[in-house]
2 protein chains.
Amino acid sequence: MSKNIRIVIIEDDQIIREGYTLLIGQTEGYAVVNSYESFDDAAKTITDDNPDVILLDIELPGTNGIQAIPRLKRLLPHTYILILTVYESEKTIFEALANGASGYLTKNTPATRIVDSIREVKDGGGPMSVNIARMVIKSFQRNQESPLSKRETQILEQIAEGKSRSLIARDLFIDLETVRSHIKNIYLKLDVNSRADAIKTAKENKLI
Amino acid sequence: MSKNIRIVIIEDDQIIREGYTLLIGQTEGYAVVNSYESFDDAAKTITDDNPDVILLDIELPGTNGIQAIPRLKRLLPHTYILILTVYESEKTIFEALANGASGYLTKNTPATRIVDSIREVKDGGGPMSVNIARMVIKSFQRNQESPLSKRETQILEQIAEGKSRSLIARDLFIDLETVRSHIKNIYLKLDVNSRADAIKTAKENKLI
DNA sequence: TCAAAATCCCCCCAATAGGGTGATATCTCG
DNA sequence: CGAGATATCACCCTATTGGGGGGATTTTGA
């Protein structure tokens, strides 16, 4: 026995919604069990749909897609959420992922890729459009041209972990005064004069 | 005129290295300009190869792949690095990406996907194997069952930004003593008694 | 060989962190 | 409705910290 993957679509544009429904419904092994034009609409009955995967748009009337994610998660803890949107701003992407989305596709994604991604999400993958994946990877990467030396960077990291000077000194097997000295240089280079500002500046410039 | 994508392979296993060379060399538009069995070996002449993309293994004799990334970046600032390895530990993956890798594929990746990924990397994408992508996405996600209340989470975030109690109080428009009180509750719930430990525990459990 | 980096040392003092022990108002959920 | 969680504020204490000064020496890398 082969069970279909149960899919719900939340998308306000009727044309797109029906397009996806048709596309996915045609595909062997996939079943669109319901579709809604807003989260507020979906919230009432979506638990009865018992979907495996929800295709979710970001721009929705009322509750937007980002806000909808944690609520959907609460309604359906074991359902995967796949974002399908035109939004490509970094903020939106990271919010969506942080809120619990399992994948993020932009709307120019080819039909076959969408269908594949639904399967992928259900199999524990994390499908992303190429440009999204690039942004995600970039978010991990440090600034290569940091003004800070290795040691300074290392110490700044520990500061960002909330460690006191003495703890840092102990953990790095150096003197308390050395830590102090490094911190002074860090402040000089970053043109700040407090831990909070140093961390802020460092994060903004991806130094840590 | 169509220019080939210039590729260099750094991989210690001869069989695999020759396999990739053959596979990629056969493909229209791709040229393997050189291959090495270690970074230390490659370092001497790789700048002459002038590659667009480097396929890099993690487990290498001498300098390992992770350490090799920043050095390759220094030698060839405009070259993309694509990791191709059996390693799937979270630590390795995030280190590789943080060090400047543009993509991360595991060795069970189908041949066609490898070839596609090279193109993708050159076009500004960030190819990842499905399981890698899942880990990367998961790394963005918070623990849904945090013991901390919203306010406590918010305050813990500010602590992780290096802010002092008084700064937090000012920014949240609450009394210094209230901040204190929240922090005490955070410490209670996390069973810690310092900022550093709170941040550590919180990060381990993805509470922030 | 020469500059940058890393290491260590001293002064000062206000601010901070963390421990203890409370109170009160609101909110939420069964 | 009522218990428990949450958010707010108060005052006690003291050791530690953080940041601003001023320096010096050694190690390292290009």
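Just so it is clear, the structure is predicted and the values come from calculations on it, not from any experiment.
- Each side-chain hydrogen bond (donor to acceptor under 3.5 Å, both in side chains) pair with one or both residues in residues 144-156 of chain A, not counting sequence neighbours, appears once here: A:Ser149-A:Glu152, A:Arg151-A:Gln154, A:Glu152-A:Lys189.
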Tabulated below should be each protein N or O lying under 3.5 Å from an N or O of nucleotides 6-8 of chain C; please produce it.
from	atom 1	to	atom 2	distance (Å)
C:dA6	OP1	A:Arg151	N	3.3
C:dA6	OP2	A:Ser149	OG	2.1
C:dT7	OP1	A:Arg151	NE	3.4
C:dT7	OP1	A:Arg151	NH2	2.8
C:dT7	OP2	A:Arg151	NE	2.6
C:dT7	OP2	A:His182	NE2	3.1
C:dT7	O4	A:Ser181	OG	3.2
C:dC8	OP2	A:Asp175	N	2.5
C:dC8	OP2	A:Thr178	OG1	2.9
C:dC8	O5'	A:Thr178	OG1	3.4
C:dC8	N4	A:Ser181	OG	3.0

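- Overall bending of the helix from C:dT1-D:dA30 to C:dG30-D:dC1, expressed as the angle between end axes built from five pairs apiece, is 90° (10° steps).
- Residue pairs meeting the salt bridge (charged side-chain N to carboxylate O under 4.0 Å, His left out) criterion with at least one partner in residues 38-49 of chain A, sequence neighbours excluded, are A:Asp41-A:Lys44.
- Sorted by first and then second residue, the side-chain hydrogen bond (donor to acceptor under 3.5 Å, both in side chains) pairs with a member in residues 69-85 of chain B form an empty list; sequence neighbours excluded.
- The salt bridge (charged side-chain N to carboxylate O under 4.0 Å, His left out) analysis of residues 166-175 of chain B, with sequence neighbours excluded, yields the pairs B:Lys163-B:Asp171.
- Identified under the salt bridge (charged side-chain N to carboxylate O under 4.0 Å, His left out) test for residues 192-203 of chain A, with sequence neighbours left out: A:Lys200-A:Glu204.
- Heavy-atom distances under 4.0 Å link DNA chain C to A:Lys189 of residues 189-204 of chain A, given in residue order.
- Residue pairs meeting the salt bridge (charged side-chain N to carboxylate O under 4.0 Å, His left out) criterion with at least one partner in residues 87-102 of chain B, sequence neighbours excluded, are B:Lys91-B:Glu95.
- The stretch residues 8-18 of chain A participates, sequence neighbours left out, in these side-chain hydrogen bond (donor to acceptor under 3.5 Å, both in side chains) pairs: A:Glu11-A:Lys107, A:Gln14-A:Glu18.
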Dump every N/O contact between nucleotides 26-30 of chain D and the protein below 3.5 Å, one line per pair.
none

Protein and nucleotides 27-30 of chain C: nitrogen or oxygen contacts under 3.5 angstrom:
none

